[in-house]
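All remarks here apply to the structure that follows.
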Amino acid sequence: MRFMLPRQSKGAAVQQNDPHITLITPTAPMSPATHGGRAKCLQRLVRLELPVPVTVALSFDAVHGLAAGDWLDMEQMLTPFGEDQLLCVRPSSEDPDWGGPGAILNIGMNDVQLARLSAEIGAEAASKLYLKFIQSYSTHVARLDPDIFDDLDTKDADAVSDFLEAYESEAEEPFPQSRSEQLIGVLRSMARAWEGTTARLLRQAKGAPADAGLGLVIQAMALGVGHGESGSGVLQLVDGGTGVPQITGRYMSQSQGRDALKSGAAAMFLQNDARGPSLEEKLPDAFAKLTEHAALMRAKLREEMQCEFTLENGEIRILDGVRVQRSARAAVRIAVALAEDKIISREEAVMRVEPRALNELLHRQVDSTAERDVIGTGIAASPGAATGKIVFTAAEAQACDARGEACILVRRETNPEDIRGMHAAVAALTERGGMTSHAAVIGRGLGLPCVVGATSMRFQVNKRRIVAPDGRVFHEGDVITVDGTNGQVLAGQPKMMEAALDDAFQVLMSWADESRDIGVRANADTSADARTALTFQAEGIGLCRTEHMFFEADQLIAMREVIFANAPADRSVALQALLPMQRDMFVDLFEIMQGRPVCIRLFDPPLHEFLPTDRAGLRDLAESLNLPLSDVTRRVQALGEYNPMLGLRGVRLGITVPEILDMQARAIFEATLDASKTSDPVVPEIMIPLVSAKREVELVKTRIDAVAAAVRTERGRDFDYRLGVMVETPRAALRAEDIAPHCSFFSFGTNDLTQMTYGLSRDDAGRFMSTYVQQGVFPEDPFHTLDQEGVGELLRVGAERGRSAQPKLTLSVCGEHGGSPESIAFCREIGLDYVSCSPFRVPVARLAAAQLAIRDKIQ
Ligand code: PEP
Ligand code: MG
């Protein structure tokens, strides 16, 4: 049934209790959910006894009915306003960020009002109001082409009749003279605009539900034009970019609405300013009063508000209050300042900052005001932005770095050999790959901006160039910018905004930790990663991928000798060379982490990842091993696998080539004793990758125990260690009950687990993931947001079965999902002890985890 508004008798006392046409008084029943955020905010301003003009609010239901063609009691709506009162209408959606149709001012202007106001405020000011209204009515209500007034001069003595004529000839009817008719036209057109498809899609993109309602507020116009000092402006107490206290805004004489903000040099500053005249100089009392009002709004509305005001012959009117638009860094500073001023609690301050927005503080970004010349798009794999010259190989990146030049490493995809190039580059760009591809994982670990899967561009690596979709060609040496926050590639060097790990950030994070009830560790492979992890106050290292160490130049040669050794004895000799290097790196990690737990994963990747793929590399290798090229080529080919990610890697290598595992265990234990000399005893955690059967754990455990016993005897000192399993095959999760009794912890490797659960290659999924998400096959990229229904079910089963066999089992996630707020919620729900993520995501995870705990407490 169509909505029908009840008829009511006249009078403010009745209207303030009308649920649909509500006069805003301190006690009228209204809420953001029935009349929208703007209406509710205006009621709060009325309660503060601020000089707000008379306002009537229409409910969501009333506006919905209007859009459907229902009747609305005009008389009731207009009773609170005087006969001659001009009106304005503004939208009032539940969340002001969802937007709505633009305000329409000066409703009620007609020939009679023109004559009356001309006598009162002067002919020029009066006709200006009328002209403005004719224009906005004809565009927004009559839906006429705005250019019908293009040839007319607003300064002309006959401007009003010219405008009315233009309207009449286009609309084929006279311009409405009745205020009621004008008002109902405005209200209905706004109601219908809100229900249109474009508006709905726009607000849904901002998080609004499909059926979000719109309220409308009808307010008596405070003219801002006329005698004495009249004008309008906006004022706020903080800078929206930095959050630093600073009276900000503009005022303009003889203006309305937000004209002052649009008019550039014609507007005045608010506070005394060397750049030009200010309201403070011109009208010190009004300025003082306005700042007082704004401070009251801040204290009572518990938020930094922008106040929209009008001066009418020197009299202040407060028309509206809106939440100050702010950058992420300003959001942090504002929340902390409100809590420090005891306006909100610390917990509320923590709740007010969107965790993902912290990325904007942790990395350099393209300035929000910069022009963007986008030449390609891909997956935003690692946030932050950097500018540099294009290079196509890791060696060139290193050469550039050595010359002190910033470079962007452009590859079809990266592989472990590119790590040194990634260290040397300021950003990486790849044609292939998804959120957990090599470039993405390493990029996030290093805090290196990274765009992967940039399939909109053509990568002509052999010709050393990339081609933008519009045909522009960028060669080696050309300067581009990679924006890993938005997944864009930009030509040239836009203006940048520096990272801001300031005092406010630190304070907010310390408050977050007071509430957090799930641990946050970092995935860290190198000393530099560990230092970053410590800076971001990770509680330990949840995953050290040891193979990344092997890609250091000296270790790589030794590793290749291990691979090419013909007999176990030869292999042992080569491994002896690796042992001290590995040990030193572990000592570093233990010392940097100062007693916090460090979880070291045993060697994981297939061996052939350490071997060259091109002819030049093979030749170099033959030379360094002193072997014929044909031998080397044959051995490299023989190590190739059809499905390396499902082949001889992880624990399978530990069982078939156990010498590597022995060497790593020894390096860990010797480092444990060395690092324990200078501090409390270190208890290392050793993690076995890619387990799928209990026997694998038994075999590895026996070997590691033997190494531990040998080191204890040789050194004459005792130590403890914890052995755990990386649960990253579906079978390990399903058989958790068999596996758990042999270990002290499980860490879910959700990257591989997602890959194996879906049967979806993490390196190739990027090619079609956007199509899959667009067509709704997957709600999100499961490598990015944990698939709770499928992969999550395996986590739940693995956790339950593991804990039932071994109640003290420590449980965690160390896949990339560990840093995503939605996945953390799930991890908390299934009782995991901690999440581990790239160091740069640690603050995001800490804040997200704290918000979940606070939300649970207040619900
Ligand atoms: C995983 O598989 O989730 C994981 C953390 O290990 P990697 O990404 O090194 O395979
Ligand atoms: Mg894995």
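In listed order, ligands and their atoms are each counted from 1.
Taking the six-membered ring where the residue is Trp, Tyr772 and Phe768 present perpendicular rings, their angle passing 60° and hence far from 30°. The aromatic rings of Phe840 and His363 sit tilted relative to each other, their planes meeting at an angle between 30° and 60°.
Not a single heavy atom of Val441 sits closer than 4.0 Å to an atom of ligand 1. Contact annotation: Gln755 has no heavy atom less than 4.0 Å from any atom of ligand 1.
For the Mg ion (ligand 2), the N/O/S atoms of Asp604 include none lying under 2.8 Å.
Taking the Mg ion (ligand 2) as reference, Glu728 places its N/O/S atom OE1 nearest. Taking the Mg ion (ligand 2) as reference, the nearest N/O/S atom within Asp752 carries the name OD2.
For atom 6 (O) of ligand 1, the closest non-hydrogen atom on the protein side is Arg601 NH1, 3.0 Å. Given atom 9 (O) of ligand 1, the protein heavy atom at minimum distance is Arg545 NE, 2.7 Å. The nearest protein atom to atom 4 (C) of ligand 1, hydrogens excluded, is given as Met726 CE, 3.2 Å; this is a heavy-atom distance.
Contact atoms of ligand 1 toward Gly815: 3 (O), 5 (C) (distance under 4.0 Å to a heavy atom of the residue). Against a heavy-atom cut-off of under 4.0 Å, Thr750 is close to the following atoms of ligand 1: 3 (O). Within ligand 1, the atoms closer than 4.0 Å to a non-hydrogen atom of Arg762 are 2 (O), 7 (P), 8 (O), 10 (O), numbered from 1 in the order shown.
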Point to revise | Evaluation steps, ring-ring contact (aromatic ring centres under 6.0 Å, His included), between Phe745 and Tyr834 | key: CA-CA 11 Å; Phe745 63 89; Tyr834 70 86; 8.3 Å; no

**Study point:** Val691 and Met726: CA distance, side-chain angles, deciding distance, side chain to side chain contact (heavy atoms under 4.5 Å, CB included) verdict
**Key:** CA-CA 7 Å; Val691 166; Met726 192 156 180; over 6 Å; no

Practice item. Evaluate the criterion side chain to side chain contact (heavy atoms under 4.5 Å, CB included) for residue pair Cys544 and Leu589; output intermediate values, then yes/no. Key: CA-CA 9 Å; Cys544 168; Leu589 291 187; 3.7 Å; yes

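Remark: Arg649 does not engage Glu609 in a salt bridge, criterion side-chain N to carboxylate O under 4.0 Å.
With a heavy-atom cut-off of 4.0 Å, Asp752 touches ligand 1 through backbone and side chain alike. The residue Glu816 has no part lying near ligand 1, judged by heavy-atom distances below 4.0 Å. Only the side chain of Leu543 comes within 4.0 Å of ligand 1, judged by heavy-atom distances.
Arg762 forms no cation-pi arrangement with Phe783, by the criterion of a distance under 6.0 Å to the ring centre and an angle within 45° of the ring axis.
Where the criterion is an N or O separation shorter than 3.5 Å, residue side chain and backbone included, Asn751 meets it with respect to ligand 1. Taking only nitrogen or oxygen atoms, main chain and side chain alike, Cys814 does not reach within less than 3.5 Å of ligand 1.
Remark: aromatic rings of Phe586 and Phe669 are distant, center separation not under 6.0 Å.
A donor-acceptor contact under 3.5 angstrom links the side chains of Ser836 and Asn523, judged on distance only.
Put simply, OG1 on Thr436 and CG on Asp763 are 7.0 Å apart, with the number rounded to the nearest 0.5 Å.
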